[in-house]
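Predicted model, so just to flag it, every value in this text is computed and none were measured.
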Amino acid sequence: MRFNLIGPFEIVTGDGRPPHLPSTPKVCQTLALLLTRPNEIVTSESLIQELWGESPPRSALTTLQTYIYHARKMFIAERLVPAERALLITQPPGYLIRVEDHEVDIKIFERLVLQGKTALENGRPEAAVQRLEQALDLWRGPALSNIPAGDVLTGRIVHLNELRIRALELRIEAELQLGRQRESIPLLRALVNDYPLNEWFHGQLISALNHSGRRAEALQAYQSLRRILNDELGLEPSPELQRLQLDVLNPSDTVPAQQRRLVTAGI
């Protein structure tokens, strides 16, 4: 069995049956919040805040207990876990879900990213690319995209998205260490479209275009960033990006050093 959260929430059994999803939205919410902190106690207070916000009903605690009961019943009725396995545990002041790391895609993702980061730090960029690609391939779309999310769960989703951005940065850094500036351009174009306010991605695209002999496109990419920042925030690109523009306009032997500084700043 595996719980998949980085994409639509689903429970995969691995025995050929289609993925399972609880039919009650608030049971889904409850499980999702517990699974974003596997093997840790999530307080009843946090669960109630997630389910009802700042205006919980008087019966909130009793209703939460009912959702926990239905979740436990579902695991057994759908033959997702053996009847004797203690999966969803009452642990004052709340509940925890006891799982192995390989049973939650978030934990698999975090492990692969850590392995990729370690490989990169140890001078093994090829191995880093392999691990980071495996990690990023786990993303099947926006995290928990098929269930409602309250304030607490939304915060966890934001955290997951930040981890994904970090994995993308590490992958790009590994590709650059392998001298694959030209090959990284399609990915970087997609990333600046997906994250238009992320100056690091823009900087990497400008640098990759410049070092691939595409100076005009590099300048266009800089002007595009400048328009986005001005229109959205009333800001100019960072001093580092402005220096990068000057490197494109005035090619010299200092360009590689400027690129290295930009890459290092994003690590």
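For the pair Arg140 (side chain) and Pro8 (backbone), a donor-acceptor distance under 3.5 Å is present. Judged by distance alone, with hydrogens and angles left aside, the side-chain atoms of Asn4 form no donor-acceptor pair with the main-chain N or O of Glu10 at under 3.5 Å. Looking at Asn230, its side chain never comes within 3.5 Å of a backbone N or O of Arg226 through a donor-acceptor pair. Side chain of Asp101 to backbone of Lys107: no donor-acceptor contact under 3.5 angstrom is found. Under the 3.5 Å distance criterion, the side-chain polar atoms of Asp15 are matched with a main-chain donor or acceptor of Arg17. When atom types are taken as modelled, the side chain of Thr43 and the backbone of Ser46 share a donor-acceptor pair closer than 3.5 angstrom. When atom types are taken as modelled, the side chain of Ser224 and the backbone of Gln220 share no donor-acceptor pair closer than 3.5 angstrom. No side-chain donor-acceptor contact under 3.5 Å links Gln181 to the backbone of Ser207. Looking at Arg215, its side chain does come within 3.5 Å of a backbone N or O of Val248 through a donor-acceptor pair. Looking only at distances, no side-chain donor or acceptor of Arg98 sits under 3.5 Å from a matching main-chain atom of Ala86.
By the 4.5 Å heavy-atom criterion applied to side chains, Tyr222 and Leu249 are not counted as neighbours. For the pair Arg111 and Ile108, the minimum side-chain heavy-atom distance is below 4.5 Å. You'll find the side chain of Asn198 stays beyond 4.5 Å of the side chain of Val192, heavy atoms only. Two residues are said to be in side-chain contact when any heavy atoms from C-beta on lie closer than 4.5 Å; Asn161 and Trp139 meet this criterion. The side-chain heavy atoms of Glu126 and Gln130, taken from C-beta on, include no pair separated by under 4.5 Å. Side-chain contact between Glu45 and Pro93: absent, with no pair of heavy atoms (C-beta onward) separated by less than 4.5 Å. Residues Leu33 and Tyr95 are not in side-chain contact: their nearest non-hydrogen atoms beyond the backbone lie 4.5 Å or more apart. Residues Glu232 and Leu197 form a side-chain contact, since some pair of their non-hydrogen atoms from C-beta on lies under 4.5 Å apart.
Taken together through direct or relayed side-chain contacts under 4.5 Å among Ile, Leu, Val, Met, Phe, Trp and Tyr, Leu163 and Leu35 form part of one hydrophobic cluster. Each of Ile11 and Leu96 belongs to its own hydrophobic cluster when Ile, Leu, Val, Met, Phe, Trp and Tyr are linked at side-chain heavy-atom distances under 4.5 angstrom. Put simply, Tyr69 and Tyr67 are part of two different groups of oily side chains (I, L, V, M, F, W, Y) that touch within less than 4.5 Å, one to the next. In terms of hydrophobic clustering, with Ile, Leu, Val, Met, Phe, Trp and Tyr side chains grouped at heavy-atom distances under 4.5 Å, Ile206 and Leu235 are assigned to a common cluster. Both Met1 and Leu144 are assigned to one and the same hydrophobic cluster, defined by single-linkage of ILVMFWY side chains at heavy-atom distances under 4.5 Å.
Taking a 6.0 Å sphere around CD of Glu133, one finds it holds more than 12 heavy atoms contributed by other residues, nucleotides or ligands. In Arg180, the CZ atom is crowded: over 12 heavy atoms of neighbouring residues, nucleotides or ligands sit closer than 6.0 Å. Around atom CZ of Arg79, no more than 12 heavy atoms belonging to other residues, nucleotides or ligands sit under 6.0 Å away. With a 6.0 Å radius and a threshold of 12 heavy atoms from other residues, nucleotides or ligands, Asn146 has its CG atom above the threshold.
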Next item on the list: Evaluate the criterion side-chain contact (heavy atoms from CB on, under 4.5 Å) for residue pair Leu80 and Leu87; output intermediate values, then yes/no.
Entry: CA-CA 10 Å; Leu80 299 174; Leu87 181 67; over 6 Å; no

Notebook entry, point to check: Going through the distances and angles, do Leu225 and Leu205 end up as a side-chain contact (heavy atoms from CB on, under 4.5 Å)?
Noted result: CA-CA 11 Å; Leu225 169 63; Leu205 175 61; over 6 Å; no

Next item on the list: Show the numbers, then the answer: is there a side-chain contact (heavy atoms from CB on, under 4.5 Å) between Glu236 and Leu229?
Entry: CA-CA 6 Å; Glu236 287 292 315; Leu229 292 178; over 6 Å; no

Checklist line | Test log, rule side-chain contact (heavy atoms from CB on, under 4.5 Å), inputs His20 and Phe75 | finding: CA-CA 10 Å; His20 184 77; Phe75 287 132; over 6 Å; no

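The aromatic ring centroids of Trp200 and Tyr195 lie 6.0 Å or more from each other.
For the atom pair CG of Leu241 and NE2 of His202, the computed distance is 8.5 Å after rounding to the nearest 0.5 Å. Rounding to the nearest 0.5 angstrom, the gap separating the CG atom in Leu170 from the CZ atom in Arg131 is 14.5 Å. To the nearest 0.5 Å, the span separating CD1 on Ile165 from CG on Asp194 amounts to 10.0 Å. Note: Cys28 SG to Leu21 CG = 4.0 Å, rounded to the nearest 0.5 Å. Leu31 contributes atom CG, which lies 6.5 Å from atom CG of Leu88 (distance to the nearest 0.5 angstrom). The distance from the CG atom of Leu114 to the CG atom of Leu132 is 10.5 Å, given to the nearest 0.5 Å.
The minimum heavy-atom distance between Ala208 and Ile185, with the atom names listed, is CB-CG1, 3.9 Å. Across all non-hydrogen atoms, the minimal contact from Pro92 to Ile41 is O-CD1, 4.1 Å. Considering every non-hydrogen atom in both Ala32 and Leu5, the closest pair reads O-CD2, 3.9 Å. Between Val99 and Pro38, the shortest heavy-atom contact is CG2-CB, 3.6 Å. Shortest non-hydrogen contact noted between Ile76 and Pro82 is CD1-O, 3.8 Å. Closest non-hydrogen pair, Val129 versus Ala174, comes out as CG2-CB, 3.5 Å.
Electrostatic pairing of Arg166 and Glu162 does not count as a salt bridge here, judged by no charged N lying under 4.0 Å from a carboxylate O. No salt bridge links Glu50 with Arg156; every basic N to acidic carboxylate O contact stays at or beyond 4.0 Å. Salt-bridge annotation for Lys117 and Glu110: absent, with no side-chain N of the basic residue lying under 4.0 Å from a carboxylate O of the acidic one. A salt bridge links Arg85 with Glu103; the closest basic N to acidic carboxylate O contact falls under 4.0 Å. Look at Glu40 and Arg37 and you find a salt bridge, because one of the NZ, NE, NH1 or NH2 atoms lies within 4.0 Å of a carboxylate O, short of that distance.
Note: Phe3 and Phe9 have parallel aromatic rings, judged against thresholds of 30 and 60 degrees for the angle between ring planes.
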